[in-house]
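Below is one structure; the comments refer to it alone.
Count residues from 1 along the sequence.
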Amino acid sequence: MAISGTNFNRPNFQRMIDDIEAKRINCVVVKDLSRFGRNYLEMGMYTEMRFPELGVRFIAVDSGVDSNNQQSTEFTPFLNVINEWYARDISRKVTKALRTRNENGAHYGAYAPLGYRKDPEQVGHLVIDEETKWIVEKIFALAIQGNGPSKIANQLIAAQIPTPSWFNFQRYGTFAHIYEGQPETKRYGWSITQVKSILQDENYIGNSVHNRQANVSYKSKKRIHKPKDEWWTVEGTHEPIISKADFDRVQEHIASRRRTQKDGTTQIFAGLVKCADCGWSLSCATNRRTKTPYKYYHCSKYSQGLHQCTAHYLRYDVLYSFVLSRLQYWIEAVRHNEQAILDRLSKSTITEQAAAMKRATQEKRRAEKRLNELDNLLAKIYEDRLNEKINERNFSMLSQKYQQEQGELETKIEALTAQLASTKEQEDSVNKWIDLIKQFSSPTELTAELLNTLIEKILVHEATKDADGNKIREIEIIYRFVGKID
């Protein structure tokens, strides 16, 4: 298995170091410096400090480097820097090539999604698999009928329908560790996560989605999940199994589904009400100590005994009345004078977006400034180690710390750059929200569909007191597409 030269934790490399420290090796010979490594700080630490201290001779044949010849090592630090730059440049080019490939909609996953096969005549293209297509259609049909992922999974198990991984095991021999020697029921082991993943997969409407994960940096192979706004979606790359209308309908069902309470009622606000201070969801409970029981909300971070927040106590009926009145106001306002609301919201969201852009720009500049500072700090400790101003232990500790921070900053800068580059036009967002509003007319009660269609989240602040000692509580409604509006 090939391992990048930017990584000095390579198993065989570490085995060599162990042998050197055990005095079993006194000379290291490589074809050229880049074969030894492509991290100039670590390279310098080994070739100019650890190897001499351990009495080990170092030879890079094609680079003309021999530690027994002082003159041949004078340009070694510069060669190491060039090798690391080359590794960074290659990483950048590979990333660019992958992005170009993904933007063209090609599918290069290990397996095709359930319902598809990899096209044997065109690399990266998906074709419908008639053997398993019906399973996808059945899952979506059950969802449209109002079944949630849990019920669908149970029905698939009851009908003895095999899982996607079972089909891959049968066809390619993969997942043998899961199915070989196991009872037949194992092949029908559907989970809620599997069902939900299928229901939310845009592959089934003919789209390809990419950039869901990425490496932290070219020096680290650790994978991180990318925020959804950084995913790349390419439409119409293959034949769909599910219509766009049915797919969107299922997404609405998923968003609006609520658990049934013990009393048979459904909590329509679940997932929407958040603590304005800690960000945790507010839990709904019932006060049965009074003559007339009533529901109320409280911060779940506080109620779990952590007491890292305050109660944020709010009666259900107060929240219900407030949200209903605000939605009635906006629905009526749009019905009465749509253009005036368009103008009002456009001005509000543009101002808010400008402030967000300013914050992102400032944050990016600070991150870039710190990145430059770390470059200087790394160069400084490298010189200090050469001059023996700091010992090897402190050098290794500081270099690792600085390089880790560099990787985090590079990831942050990439995210901020993408955020600034992908800013959406606010007029489009306002129009989308207006179109959603127009779907409803004069509601007299709240429903999960109404709330989830128009509202992204509801922030509840802790109560304060005015000059007269009266309690005041701020409730912020964050609407879809347009955010907070007054």
Side-chain angles (χ1 to χ4, degrees), residues 146-151 154 192-193 196 252-332 436-437 439-480 482-486:
N147 295 284
S150 178
K151 285 187 178 180
N154 289 334
I192 296 173
T193 301
K196 195 168 184 179
E252 291 174 4
H253 283 327
I254 291 174
S256 62
R257 283 192 62 79
R258 294 294 179 264
R259 293 180 181 176
T260 302
Q261 305 296 299
K262 292 180 179 179
D263 59 5
T265 61
T266 302
Q267 216 300 73
I268 59 174
F269 286 107
L272 292 177
V273 189
K274 308 287 184 180
C275 174
D277 294 315
C278 71
W280 281 39
S281 295
L282 264 62
S283 300
C284 185
T286 302
N287 185 348
R288 304 184 186 280
R289 297 178 181 178
T290 60
K291 187 175 181 180
T292 305
Y294 62 87
K295 292 182 178 180
Y296 65 94
Y297 283 99
H298 53 93
C299 177
S300 54
K301 192 171 185 179
Y302 173 82
S303 63
Q304 288 181 4
L306 301 175
H307 295 287
Q308 297 175 8
C309 194
T310 51
H312 290 73
Y313 177 91
L314 177 66
R315 284 184 60 133
Y316 177 91
D317 53 356
V318 173
L319 175 66
Y320 189 101
S321 298
F322 175 77
V323 174
L324 178 60
S325 67
R326 295 311 298 160
L327 291 180
Q328 288 173 333
Y329 168 81
W330 285 112
I331 291 170
E332 181 62 24
L436 292 177
I437 278 279
Q439 295 178 19
F440 305 94
S441 62
S442 305
T444 57
E445 62 180 11
L446 296 178
T447 64
E449 180 185 4
L450 174 63
L451 292 170
N452 285 280
T453 299
L454 300 179
I455 296 175
E456 181 179 324
K457 59 185 174 181
I458 301 169
L459 301 179
V460 178
H461 291 257
E462 184 57 272
T464 58
K465 290 186 178 181
D466 61 14
D468 298 325
N470 299 314
K471 280 190 176 183
I472 301 174
R473 185 184 304 281
E474 181 185 1
I475 301 174
E476 295 180 82
I477 300 178
I478 311 300
Y479 297 96
R480 293 192 182 279
V482 294
K484 180 184 177 182
I485 50 180
D486 298 319

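- Within the structure, every pair that satisfies the salt bridge (Lys or Arg N to Asp or Glu O under 4.0 Å) test and touches residues 467-478, not counting sequence neighbours, is listed here: E462-R473, E474-K484, E476-K484.
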Evaluation steps, side-chain contact (heavy atoms from CB on, under 4.5 Å), between V273 and S281: CA-CA 6 Å; V273 189; S281 295; over 6 Å; no
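- One finds the CG atom of L324 at 4.5 Å from the CG atom of L446 (value rounded to the nearest 0.5 Å).
- Annotation: the span from L282 atom CG to F269 atom CZ amounts to 11.5 Å, rounded to 0.5 Å.
- Of all heavy-atom pairs between I455 and L272, the closest is O-CD2, 3.9 Å.
- For A276 against L459, the heavy-atom pair with the smallest separation is CB-CB, 4.0 Å.
- Under the salt bridge (Lys or Arg N to Asp or Glu O under 4.0 Å) criterion, E456 pairs with no residue at all, not counting sequence neighbours.
- A 4.5 Å side-chain heavy-atom check between R326 and Y479 finds at least one atom pair inside the cut-off.
- Rounded to the nearest 0.5 angstrom, H312 NE2 and K274 NZ are separated by 13.5 Å.
- The nearest pair of heavy atoms linking S442 to I331 is N-CG2, 3.8 Å.
- Shown here are the side-chain contact (heavy atoms from CB on, under 4.5 Å) partners of I475, two or more places apart in sequence or in another chain: L314, L319, F322, I458.
- Within the 4.5 Å cutoff, the side chain of F440 has no heavy atoms near those of the L327 side chain.
- Counting only N and O atoms by type, the side chains of D277 and H461 include no donor and acceptor under 3.5 Å apart.
- Atom-to-atom distance recorded for L436:CG and L454:CG is 6.0 Å, nearest 0.5 angstrom.
- Here the straight-line distance linking atom OG of S441 with atom CD of Q328 works out to 11.5 Å at 0.5 Å rounding.
- Legend: residues meeting side-chain contact (heavy atoms from CB on, under 4.5 Å) with T447, ordered by chain and number and at least two apart, are E449, L450.
- Residues satisfying the side-chain contact (heavy atoms from CB on, under 4.5 Å) test with N287, not counting sequence neighbours, are R289, T290, Y294, Y296.
- Applying the side chain to side chain donor-acceptor pair (under 3.5 Å) criterion to D317, with sequence neighbours excluded, gives R315.
- To the nearest 0.5 angstrom, C309 atom SG is 10.0 Å from W280 atom CH2.
- Across all non-hydrogen atoms, the minimal contact from Y302 to T310 is CB-O, 3.6 Å.
- Looking at K295 and T286, their side chains never bring a donor and an acceptor atom within 3.5 Å of each other.
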Evaluate Y316 against Y297 for side-chain contact (heavy atoms from CB on, under 4.5 Å), listing each step before the verdict. CA-CA 7 Å; Y316 177 91; Y297 283 99; 3.7 Å; yes
